[in-house]
Amino acid sequence: MAVPVDNYLRNQFMPHMWCPGCGHGIVLGAVLRAIGRLDLPKDEVCIVSGIGCASRAPGYLDFNTVHTTHGRALAFATGIKLARPDLHVIVLTGDGDASAIGGNHLIHAARRNMGITTVMFNNSIYGMTNGQYSPMTPKGRYASTAPYGNVERNFDMCELVKAAGGNYVARATTAHARQLSNYVEHAIQTQGFAFVEAVTQCPTYFGRRNKMGTPVDMIEWFRKNSVNAAAAAKLGPEELDGKIVVGEFYRGDAPEYTQVYEEVIKRAKEAAAR
Amino acid sequence: MRKEIRLSGYGGQGLILAGIILAEAAMRDGYEVVQSQSYGPEARGGASRAEVIISDEPIDYPKVTSPDVLLLMSDQACKRFAGSACEGGTVIVDSGLVTSVPETPGIVHEFPITDMAVEATGRSISANVVALGVLNTVAGLVSPESLKKAVSARVPRGTGEINLAALGAGIAASEAAGVG
Amino acid sequence: MPGRKGRDLRLLQGNECCAEAAILAGCTFFAGYPITPSTEIAEILSEKLPQVGGHFIQMEDEIASIAAVIGASLTGAKSMTATSGPGFSLKQENIGFASFTEIPCVIVNVQRTGPSTGLPTAPAQADLMQARWGTHGDHPIVALYPSTVPEVFDLTVKAFNISERLRVPVILLMDEVVGHMREKVEIPHVSDIEIINRPRPDVPPEKYLPYAAGPDGVPPMAPFGTGYRWHVTGLYHDETGFPTTAAPNADRQMKRLYAKIESAAEEITFTSEESLDDAEIVVVACGITARSARRGVRLARERGIKAGMLQLKTIWPFPYGIIGDIAGRVEKIIVAEMNMGQLIGEVERAACGKCEVVGYSRVDGEPIAPAEIVAKIEEV
């Protein structure tokens, strides 16, 4: 079903500040279409971000929006969700924001199973500061602070969130816009912490430095190098080297934090009455 | 009137709770009161002290400098604080825990406080309340009624009777010793 | 136990009193991280907040705590965190965020001896400047400083009221000694406590400009989820709340933030004094040191010295005017503080050479005793 996204944009701020060919618009479109299909009332949606290219998204969106400090979006979002559990709290964050400076908040939001949907725009680079390597930059890739190639291993954030206790974990790329949007829809419907990794292209820094061609070439590269989760299960580590595994990896039904806390309030009130 | 009280010993003896009880009793008697404490990083067993100031006017400086009443419940506390008592002040020593009574400007009263607690309640943990009974009877700080009420209000739920027995043991022993 | 006029008379620890006062002031949200010597505040609120339908959460670190507090405040909840020196340092970036985005919140810092891990259970008054300038960039801030447990009650309520009224983070600076001592407090009936709530918009959502301020410089704030969809950002922003790099706007925004505090300075400046009228030597102090100063001044008077003292309950904004006036009519000001000399710099600025200003510092983790104040008064 096609859903117009204009209704959710603060159109007066178009054109946006992202580079031509940047994948963030595709990811954002996928998020907005998911919100549209779910027909969430705009007043009940709260979008929280940190710092970085992806984190500029909330400014363009006609919801309750907060552009916070670097890495801390999930901590702010935790306060919002706990104080107003009825709001749909969605965190839009980048790979540097979520996996480096904000990594601990991600782990603990997942562990608590806070009812927050997190969409991590993973372009494998710090774009806002001109292309330094991030914890999501694959080994061997080049960046402005990895002129001889990145020697660090990158995270598998989906495995991390799953291990930390999130209730929904999925990954797709900008080559899978429809699938990505479906995953975000499922994430928003999840009771508890939900995490979607959106692999997206940064042609300006990551693409150029790694000679990946045009934005279209990069999306094409995502498409060719993606393996869905079912197929990946049959492949060995060597066959999966350099591939992007996409799909829904985990659905759990652990109780959501704010609902559990409602029980705390009930018990506390009973204790106070005694 | 400004009375300074220092309760000293080691962590786990319940001296801070004793200080709180004494302060609350003084409050019930209508006095101004400050209670403070200091302790080491250990949760149990390190040096511990509680201080109470009781006054009939607002208390400006809230720290004890030269206690009118000093409780010493360990050798370490004796070493550190025995000399701090004011001239002629009341010094209560747990003679069961302290191996040699130290030099002090105060007047020493020895009671086997912890042993008395075991005898009265079967539990050494109530030594803090025994000590309160002793020191309040000797020094006459607060009314016995307020002290009883404060004990009941502040001790852990379900230990009221035991602690009142401990308080009674302290009071009786000091009265019997003729120092009350 | 019952006190006079239906008040509740209680023996409370400073930290305990802070938690009780917060609830009576309308606090419904606390996020924190354990740290000595402030932890009792978190422990008590973890018990009491859910009893009133509020929320408590122990976050993964100090940074997350202040972030969650700001997030909760965005939904309209009166929110607080409590910490101590090292944690206060960690919170600074987000305190700047709250100051700049004008999100009300209260941050309690029960000071301990620093720097670094320092003496975790010993008092110091060395975070006065961190309270003012801890975050980067110019920013408005308010800091209050109690010296007794009853003052903890009073200033905790005031901290919430000022934070709400001016939409500014308010720091409640406490001394370890005050946080941990117990004193008699008369808790007023809740109906006798003045409660101020943040200004709310009186226009429909389509006309709401989240950063358009009235004459007092304070913009009305709509809680999230009430139909007013607005944007919050730590970038410079105009009246709409959206980022702009326009230089004239940046200038206007920063000056408004300062002006809103300055215009309210009189109503948020609290002091207490002793024998100031004919004083020739005045001791300026705050927190626990003010109590020693009060005693010291009384003792000096007994010795025939015309001494007086001024206790600052509001540290920021600094009461330059009040101290300037005193400097004009006394011979000497002694600034007593448990640090290497933080308050004294501000007092010198206020005194402007009108009288001699001398400092008395103690930095060994012990409070300044009244005898030291007397000795200093006699020395100068």
Side-chain angles (χ1 to χ4, degrees), chain A residues 10 12-13 17 41-49 51 56 58-87 89 102 104-105 107-109 111-112 114 257-258 261-273, chain C residues 28-31 46-79 81 93-98 100-101 103 105 135 205 222-235 237 240-243:
Chain A
R10 288 164 173 154
Q12 69 269 34
F13 297 116
M17 49 80 72
K42 289 202 268 187
D43 289 333
E44 293 172 18
V45 175
C46 180
I47 311 276
V48 189
S49 72
I51 294 292
R56 292 301 281 267
Y60 302 119
L61 304 181
D62 188 17
F63 304 109
N64 304 283
T65 54
V66 206
H67 175 214
T68 72
T69 49
H70 196 20
R72 317 302 172 198
L74 273 162
F76 280 81
T78 294
I80 294 168
K81 182 68 184 179
L82 185 52
R84 276 290 302 270
D86 58 313
L87 294 180
V89 181
N104 202 34
H105 306 310
I107 290 170
H108 289 276
R111 178 184 60 82
R112 289 188 188 100
M114 288 302 303
Y257 184 93
T258 63
Y261 198 86
E262 283 305 307
E263 284 301 310
V264 171
I265 291 177
K266 220 172 105 191
R267 287 207 294 277
K269 284 183 170 171
E270 283 165 10
Chain C
T28 57
F29 188 94
F30 181 98
S46 72
E47 181 190 351
K48 305 260 174 178
L49 272 175
Q51 291 180 351
V52 296
H55 295 87
F56 167 92
I57 188 166
Q58 183 170 307
M59 294 298 286
E60 54 273 18
D61 61 35
E62 297 277 3
I63 299 170
S65 306
I66 178 71
V69 159
I70 298 166
S73 185
L74 279 169
T75 72
K78 291 189 183 179
S79 305
T81 185
E93 185 194 6
N94 283 335
I95 292 173
F97 180 87
F100 195 44
T101 55
I103 312 299
C105 55
T135 199
F224 272 15
T226 57
Y228 293 79
R229 297 187 302 276
W230 53 293
H231 186 57
V232 182
T233 178
L235 291 163
H237 41 275
T240 65
F242 294 108

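Residue numbers start from 1 in every chain, and the chains themselves are labelled A, B, ... in the order their sequence lines are given, proteins ahead of strands.
Chain C forms more heavy-atom pairs under 4.5 Å with one residue of A:G102, A:G71, A:G79, A:A272 than with any other, namely A:G79. Highest contact tally toward chain C, considering only A:R112, A:R267, A:K266, A:E262, is held by A:R112 [criterion: heavy-atom pairs under 4.5 Å]. Annotation: maximal heavy-atom pairing with chain C below 4.5 Å, among A:H70, A:E44, A:H105, occurs at A:H105. Taking chain C as the reference chain and counting heavy-atom pairs below 4.5 Å, the highest number among A:S49, A:A73, A:A75 is found for A:A75. Between chain A and the residues C:S79, C:G76, C:G71, the most heavy-atom pairs under 4.5 angstrom are made by C:G71. With chain A as the partner, the residue from C:I57, C:L74, C:L49 showing the most heavy-atom pairs under 4.5 Å is C:I57. The candidate with the highest count of non-hydrogen atom pairs below 4.5 Å against chain A, out of C:A222, C:G96, C:G234, C:G227, is C:G227. Chain A forms more heavy-atom pairs under 4.5 Å with one residue of C:G53, C:P243, C:A31 than with any other, namely C:G53.
Residue A:R111 does not touch chain C at all, counting heavy-atom pairs closer than 4.5 Å. At a 4.5 Å heavy-atom cutoff, A:E270 makes no contact with chain C through either its backbone or its side chain.
Checking side-chain atoms of C:H55 against main-chain N and O of A:L82 turns up a donor-acceptor pair under 3.5 Å. The closest donor-acceptor contact from the side chain of A:R84 to the backbone of C:F224 lies under 3.5 Å.
By the 30° and 60° cut-offs, the orientation of the rings of A:F13 relative to C:F242 is tilted.
Taking all atoms of both residues into account, the shortest heavy-atom contact from C:P50 to A:I265 is O-CG2, 3.5 Å.
In this structure, OG1 in A:T69 is found 11.5 Å from CD1 in C:I95, a value given to the nearest 0.5 Å. A distance of 4.0 Å separates CZ in A:F76 from CG in C:N94, rounded to the nearest 0.5 Å. Between the CD1 atom of A:I47 and the NE2 atom of C:H231 there is a distance of 11.5 Å, given to the nearest 0.5 Å. Rounding to the nearest 0.5 Å gives a distance of 6.5 Å between OG1 of C:T233 and CD1 of A:I51. Taking CD of C:E60 as the start and OG1 of A:T78 as the end, the distance is 6.5 Å to the nearest 0.5 Å.
The environment of A:K42 atom NZ is dense: over 12 non-hydrogen atoms of other residues, nucleotides or ligands sit within 6.0 angstrom.
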Kindly list each side-chain donor-acceptor pair under 3.5 angstrom involving residues 62-70 of chain C, sequence neighbours excluded, with atom names and distances?
unit_1	atom_1	unit_2	atom_2	d
C:E62	OE1	C:T83	OG1	3.0
C:E62	OE1	C:K91	NZ	2.8
C:E62	OE2	C:T83	OG1	3.1
C:S65	OG	C:G32	O	3.4
C:S65	OG	C:D61	O	2.8

| request: Would you check, one step at a time, whether the test side chain to side chain contact (heavy atoms under 4.5 Å, CB included) holds for A:D43 with C:R229? | output: CA-CA 6 Å; A:D43 289 333; C:R229 297 187 302 276; 2.8 Å; yes
| request: Dump the intermediate steps for side chain to side chain contact (heavy atoms under 4.5 Å, CB included) on A:V264 and C:F56, then the final yes or no. | output: CA-CA 10 Å; A:V264 171; C:F56 167 92; over 6 Å; no
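Listed by first and then second residue, the salt bridge (charged side-chain N to carboxylate O under 4.0 Å, His left out) pairs that reach into residues 73-83 of chain A come to none, sequence neighbours excluded.
Inter-residue side-chain proximity for C:L235 and A:R56 is flagged as met; some heavy-atom pair is nearer than 4.5 Å.
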